[in-house]
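First up is the structure itself, then whatever we jot down about it.
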Amino acid sequence: MIQAPRGTFDILPESAARRKVVEEQAEKILSAAGYRRIETPAIEATELFARGVGEGTDIVRKEMYTFDDGGGRSLTLRPEGTAPVCRAYLEHGMHKLAQPVKLWYLSTFFRSEAPQRGRYRQFWQVGAEAIGSPAPETDAELIVLLAELLDGLGVRHDRLRLASLGTPATRAEYREELRRFLRAHEDELAEEVRNRIDLNPLRAFDADDRRTRAVMRDAPKLLDRLDPADAEHFAQVRALLDDAGISYELDPTLVRGLDYYTRTVFEFTSDELGAQSGVGGGGRYDGLIELLDGPATPAVGWAAGVERMLLVARDLAPRAELVDLFVALGQREATRAGFELAREARRAGLQAQLELAGRSLKGQLKHADRIGARFVAIVGNGNGRVSLKDMESGEQRELGPSDVIPAILRGGRL
RNA sequence: GUGGGCGUAGCUCAGCUGGUAGAGCUCCUGGUUGUGGUCCAGGCGGUCGUGGGUUCGAGUCCCAUCGCUCACCCCA
């Protein structure tokens, strides 16, 4: 049997209803702050990610679905949303609009990783980007918006981790300092940490090994190396979050996987998620637009995983679907009258369904009950009249065909 | 890519020490020749993931393979 490809999934109606709640919540919260929806193509030039996300990242090195479009151009299924939005910003000259340009999206992304709980090869993210403002208020506002989205969905985000990466130059210098520090203590470090000194020295901070942890207590911290302007920016972001009553923990080990981050980075995590604890996160990426051949443009953004939110969201009860009318057929010959009655009902704004399975009358009533129909109209009495039954009270009345819909619209008892 | 767990009807699962498949739910029909929610009866539905092997005989044992899942890595 043909199955959905590994790491992908069908969104069945029940789950679609829960996702709709997420979408409505995001729309409400983000549009209230002036963010407008944008959607970009699922495929992009491979170069966009190679440059925008960074050649050295895991995403670009081993997780992209890349193919030749048949004409010698290399295309890639988008593995993330920020670079495409920045591409669109440039392509459509949005730098000429009032800044910052505030955008949000809810889209699918693709990464060829081994799937597990909360991680798929095609997955959904809701994201927001504010392009064109260096103001710390922008960073703080975006963090507040994500917090509100998670709160509104009842997502238990046990922690908000926050840090500042400074400028790329600061970060590069710091990484060298950290490498020197690690090498100086190499014989005290766990093997896995030692092996990654060059590749990813920051991982040393969250090693489980006891001796490694002891060494790391004295390791240099990036937050202590920020230049004055970056430190001031970060202080302002924190002050705004404090005022907003958002609690967070400073986490010098917070490393976000993409190369383009500068200054503020943050991540909401939930311990209920297992290994993939990150629900959503983001940060400032002041260098990205320039990297894509645009003018130097400061920007901030975040993305949150829809599947992960759904895993830990409490307040996600979708409203039950209301069925106003089920049109049952007393005799097969009544099918044309029933068909017309259903159409009329829908034109009148009712949710109306027609018997489509050839069931017995008893079966039709049972089905109408199961789908929660408020009324059942039985067409085909032989006398041209319609029996309208209130499924809650059980009352039933014979009406002329033209009286059925007004009776339902009156809503009340028969 | 590596390791653990699991793969029996649409769904949730039972099948003890091997003897050629069951339950509950769902769905459909019937229980007064046209009327639901409870109840009763019946029906539809499975090459027991797949392929080999052992055996007179395998869902049940062995091997392989595929899939799902959790974890490592990394990330949403």
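Protein chains get the first letters and strands the later ones, always in sequence-line order, with residue 1 at the start of each.
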Considering every strand shown, what is the Watson-Crick or G-U wobble mate of B:G24 when both distances are under 3.5 Å?
B:C11
Salt-bridge contact A:Arg37-A:Glu39 (side-chain N to carboxylate O under 4.0 Å)
yes
Which listed nucleotide (B:C27, B:G36, B:A76) is nearest to the side chain of A:Met391?
B:G36
Please state how far atom CZ in A:Arg161 lies from atom P in B:A76, giving the value in whole angstrom units.
11 Å
Please report, rounded to the nearest Å, how far the C1' atom of B:C73 is from the CD atom of A:Glu113.
9 Å
Could you tell me which nucleotide pairs with B:G1 by Watson-Crick or G-U wobble geometry, both distances under 3.5 Å, or answer none if nothing does?
B:C72
Of the candidate nucleotides B:U35, B:C70, B:U29, which contains the atom at the shortest distance from the side chain of A:Gln116?
B:C70
With RNA chain B as reference, determine whether A:His367 or A:Ala373 sits nearer its 5' end, using the nearest nucleotide of each.
A:His367
Quick one: do A:Arg225 and A:Glu173 make a salt bridge, cutoff under 4.0 Å?
no
Using the C1' atom as the point on both nucleotides, what is the distance between B:A76 and B:C66, in whole Å?
29 Å
For the residue pair A:Tyr65 and A:Phe110, categorise the inter-ring angle as parallel (less than 30°), tilted (30 to 60°) or perpendicular (more than 60°).
perpendicular
Can you tell me the base-pairing partner of B:U55? Count Watson-Crick or G-U wobble geometry only, both distances below 3.5 Å, and say none if there is no partner.
none
Taking the same atom, P, in B:A9 and in B:C40, what whole-Å distance lies between them?
26 Å
Which part of the nucleic acid, if any, lies within reach of A:Gly330 when heavy atoms closer than 4.0 Å are counted: base, sugar-phosphate only, or nothing?
nothing
Using the side-chain heavy atoms of A:Ser387, tell me which of these nucleotides is nearest: B:U35, B:C68, B:U26.
B:U35
If you find the nucleotide of RNA chain B closest to A:Lys362 and the one closest to A:Gly380, which residue's nucleotide is nearer the 5' end?
A:Lys362
Of all the nucleotides listed (B:C74, B:C27, B:C68), which has the minimum atom distance to the side chain of A:Glu63?
B:C74
What is the separation between atom CG on A:Asp390 and atom P on B:G37, rounded to the nearest whole Å?
16 Å
Interatomic distance where CG belongs to A:Leu388 and P belongs to B:G36 [whole Å]:
17 Å
B:G30 phosphate, OP1 or OP2, under 4.0 Å from A:Ser360 side-chain N/O
yes
Please determine, for the side chain of A:Asn381, which listed nucleotide (B:G34, B:C27, B:A76) has the closest atom?
B:G34
Between A:Phe109 and B:A76, do the rings stack, that is, sit under 5.5 Å apart with planes less than 30° off each other?
no
Look at the side chain of A:Gln396 against the base of B:U35 and say whether a donor-acceptor pair falls under 3.5 Å; ignore hydrogens and angles.
yes
Which whole number of Å gives the distance between the C1' atom of B:U20 and that of B:U35?
46 Å
Whole-Å gap separating C1' (B:G36) and CZ (A:Arg359)
12 Å
Residue A:Ile378, side-chain heavy atoms: nucleotide from B:G30, B:C74, B:G34 that is nearest
B:G34
Check the angle between the aromatic planes of A:Tyr120 and A:Phe9 and answer parallel, tilted or perpendicular using the 30° and 60° thresholds.
perpendicular
Measuring only the P atom in each nucleotide, how far is B:C62 from B:U17? A whole number of Å is fine.
12 Å
A:Lys366 atom NZ is separated from B:C40 atom P, nearest whole Å, by 12 Å
Considering only the C1' atoms, how many Å lie between B:G30 and B:A23, rounded to the nearest integer?
23 Å
Are a donor atom and an acceptor atom from the side chains of A:Thr66 and A:Thr76 found within less than 3.5 Å of each other?
yes
If I take atom CD in residue A:Glu395 and atom C1' in nucleotide B:U35, what distance separates them, rounded to the nearest angstrom?
15 Å
Between A:Asp369 and A:Lys366, does any NZ, NE, NH1 or NH2 come within less than 4.0 Å of an OD or OE carboxylate oxygen?
no
Please state how far atom OH in A:Tyr261 lies from atom C1' in B:A76, giving the value in whole angstrom units.
10 Å
When the C1' atoms of B:G5 and B:C74 are considered, how many whole Å apart are they?
23 Å
Aromatic ring pairing A:Phe181/A:His185, orientation class (parallel under 30°, perpendicular over 60°, tilted between):
tilted
Among the nucleotides B:G1, B:G67, B:A76, which one has an atom lying closest to any side-chain atom of A:Ala114?
B:G1
If pairing requires Watson-Crick or G-U wobble contacts with both distances under 3.5 Å, which nucleotide is the partner of B:C6?
B:G67
If I pick the P atom on B:C44 and the same atom on B:U38, what distance separates them, to the nearest angstrom?
23 Å
Interatomic distance at P, B:A71 relative to B:G46, whole Å
35 Å
Within a strict 4.5 Å, meaning less than it, do heavy atoms of the A:Glu148 and A:Leu145 side chains meet?
yes
Using a cut-off of 4.0 Å on non-hydrogen atoms, how would the nucleic acid contact of A:Gly127 be classed: base, sugar-phosphate, or nothing?
nothing
Against the side chain of A:Arg111, the closest entry in B:A76, B:G37, B:G34 is B:A76
Indicate whether OP1 or OP2 belonging to B:U69 is found under 4.0 Å from a side-chain N or O atom of A:Arg117.
no
